[in-house]
Enquirer: 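The structure follows.
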There are 2 protein chains.
Amino acid sequence: MKFEVTILGSSSATPVYNRNPTAQVLNINERLYLIDCGEGTQLQMIRFDVKVSRIDHIFISHLHGDHYFGLVGLLSSLHLNGRTKPIKIFGPAPLKEIIDVQFKHSETNLHYPIEFYPTNPDVSEVILDNQDVVVETIPLDHRIACTGFLFKQKKRLRKLIKEKVLALDIPLENYALLKKGAPYTAPDGTVYKNTDLTVDSDRPKCYAFCSDTIYNEQYFEQISHVDMLYHEATFLHNLLDRANKTHHTTAWQAAQVASQTQAKSLLIGHFSARYKSLNELLDEARNVFPNTELALEGYTYEVGIDFV
Amino acid sequence: MKFEVTILGSSSATPVYNRNPTAQVLNINERLYLIDCGEGTQLQMIRFDVKVSRIDHIFISHLHGDHYFGLVGLLSSLHLNGRTKPIKIFGPAPLKEIIDVQFKHSETNLHYPIEFYPTNPDVSEVILDNQDVVVETIPLDHRIACTGFLFKQKKRLRKLIKEKVLALDIPLENYALLKKGAPYTAPDGTVYKNTDLTVDSDRPKCYAFCSDTIYNEQYFEQISHVDMLYHEATFLHNLLDRANKTHHTTAWQAAQVASQTQAKSLLIGHFSARYKSLNELLDEARNVFPNTELALEGYTYEVGIDFV
């Protein structure tokens, strides 16, 4: 049950110091989900060996360019590389117009369908529910309509204890029931408890993506007890006024969010161009919430891991 | 009289092998002109230390994304970095809508004006005429409306021979006339020929940017005798059918263009993703037109230089 995030971009507003604008890829049970798609995201995927063809779902938080300027280029490359399977895009309603107008003027008829799902910035909604995950929007508080995304991995079936199942020569057709927790009755009438033949599957995990937003408790309840919180931390707390004015969060505040919502781990990102070194941001957050790490490009973080 | 081109991107269609989509910067007499702006162009400028703030003119050939997907990100960064001086953009008319729709939905009111000049793909027109250069569009033959750009550097005034001018103690107010070629009459009545006091300025040069296009003689006359021709060379000539179908040029054909129009030098670019190594493209072109070089990212080429 893999659940990990690879950071493709961690810069806010403009690219600097080799930091790209926001983009990250979740791998949940070997399916890839792209969150935000700043300019250069497809180049970052090449650089870090993330197969863009494996992405079937793209989530865009809001329409500031540092969160989506790489989207149409990525969609265009998928087309040029022969994709035919559909792609689902979740994002603010006007994103559809932005995509359409560009493909119209390039006279491109995509070889694959885009299924576009507009997000509602005002209320949390379930926007995806498949065999692996349920995804909810998280209404955030930014200068323009913006939602975060909460990924709740689904509980999987129990796992067979292979050697026991084979030793008892249990027929294949019983496997499905066993995985669901049923006992097994052998031909001689012996009843075996399910817990002797199976083990529980891993605990499913939760990942919350919160960017961009001012510190606002309205979304705290929804993200309580996540295994990993990605939260923007654009500024150090000595620039709180600037953070408030631009509807962003400080590193100290991001750590407060993690602490108050009892997150297991915190990743901070969306760093202002003013910080060449990120050490102070990390230190500031860790003083409040020790299990914090910087979202560094090219790195993959297991959801819920202990960083320290 | 500097006249040189720095390549920021040389890939066609999709970025691969660390090759970025089309973008290049001309430096003409220390003013920078950006031609095309594929995704990641602003990142390439950071990488190669090209100051984006020095660019006041942007030329977009056509609306395939590999030639403009980096534009709105670049314009956005100029805004965020506090630019106030206007920027002139020359490109296909619908580009205005593509820019406007994105700034509308990000609720961005740019701090600087964009002066947009739509190009006409059907006839050559002078689109810029300033103290340094005249720029004409070159109607090309691609799948969608597309123009190249011909940059004709202007002849500068004659240059004073400083030591002679100082030795004769010629008053400052005579300098302007001297630079224009007038003789100088000293207070004692002696007349000095202009050619004894000044030298001619450097020969002005011409640079033609031709991408994307099928091989078509319609634009040959306009670009005859340029000092440097940048021409797309997407494929090797063994893929001529593919080139014709997609309205692109082969390396052999690009060299034919240079040869028939009597260019002084040829830069080839817009390489297909199928070529990891570019040696064969270069060899093919040089067999026809020896003074050819690959347009390699990060490299700066003096217009009209002898490559070999």
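Letters A, B, ... mirror the listed sequences (proteins, then strands); counts begin at 1.
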Enquirer: Starting at NZ of A:K104, measure out to CD1 of B:I98 and round the result to the nearest 0.5 Å.
Expert: 8.5 Å
Enquirer: Select, from B:I46, B:N20, B:L43, the one with the greatest count of heavy-atom pairs under 4.5 Å involving chain A.
Expert: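 Highest number of pairs under 4.5 Å: B:L43.
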Enquirer: If I measure from the heavy atoms of chain B, does A:R143 come under 4.5 Å with its side chain, its backbone, both, or neither?
Expert: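 Looking at A:R143, just its backbone touches chain B.
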Enquirer: Go through the atoms of A:S76 and report whether side chain, backbone, both or neither lie under 4.5 Å from a heavy atom of chain B.
Expert: side chain
Enquirer: What's the separation between atom OG in A:S77 and atom CZ in B:F69, rounded to the nearest 0.5 Å?
Expert: 8.0 Å
Enquirer: Please classify the contact of B:S12 with chain A as side chain, backbone, both or neither, using a heavy-atom distance under 4.5 Å.
Expert: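 Neither the backbone nor the side chain of B:S12 comes within 4.5 Å of chain A.
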Enquirer: Should we say atom NZ of B:K276 is surrounded by more than 12 heavy atoms from elsewhere, each under 6.0 Å from it?
Expert: no
Enquirer: Give, for atom NE2 of A:H64 and atom OG1 of B:T108, the distance between the pair rounded to the nearest 0.5 Å.
Expert: 5.5 Å
Enquirer: For A:Y299, is the OH atom crowded, meaning more than 12 foreign heavy atoms sit under 6.0 Å from it?
Expert: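 No, because the 6.0 Å sphere around OH of A:Y299 holds 12 heavy atoms or fewer from other groups.
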Enquirer: Does a sphere of radius 6.0 Å around CD in B:E115 hold more than 12 heavy atoms from other residues, nucleotides or ligands, not counting ones at 6.0 Å or beyond?
Expert: yes
Enquirer: Using heavy-atom distances under 4.5 Å, tell me whether B:E97 contacts chain A through its side chain, its backbone, both, or neither.
Expert: side chain
Enquirer: Of all the heavy-atom pairs spanning A:E39 and B:G73, show the shortest one and how long it is.
Expert: OE1-CA, 3.7 Å
Enquirer: Considering only heavy atoms and a distance below 4.5 Å, find which of A:S106, A:A13, A:P92, A:A145 pairs most often with chain B.
Expert: A:S106
Enquirer: Can you tell me how far CD of B:E107 sits from NE2 of A:H62, rounded to the nearest 0.5 angstrom?
Expert: 11.0 Å
Enquirer: Nearest 0.5 angstrom please: A:H105 NE2 to B:I144 CD1, how far?
Expert: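 Going from NE2 on A:H105 over to CD1 on B:I144, the span is 10.5 Å.
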Enquirer: With only heavy atoms counted, which part of B:F103 is less than 4.5 Å from chain A, the side chain, the backbone, both or neither?
Expert: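 Neither part.
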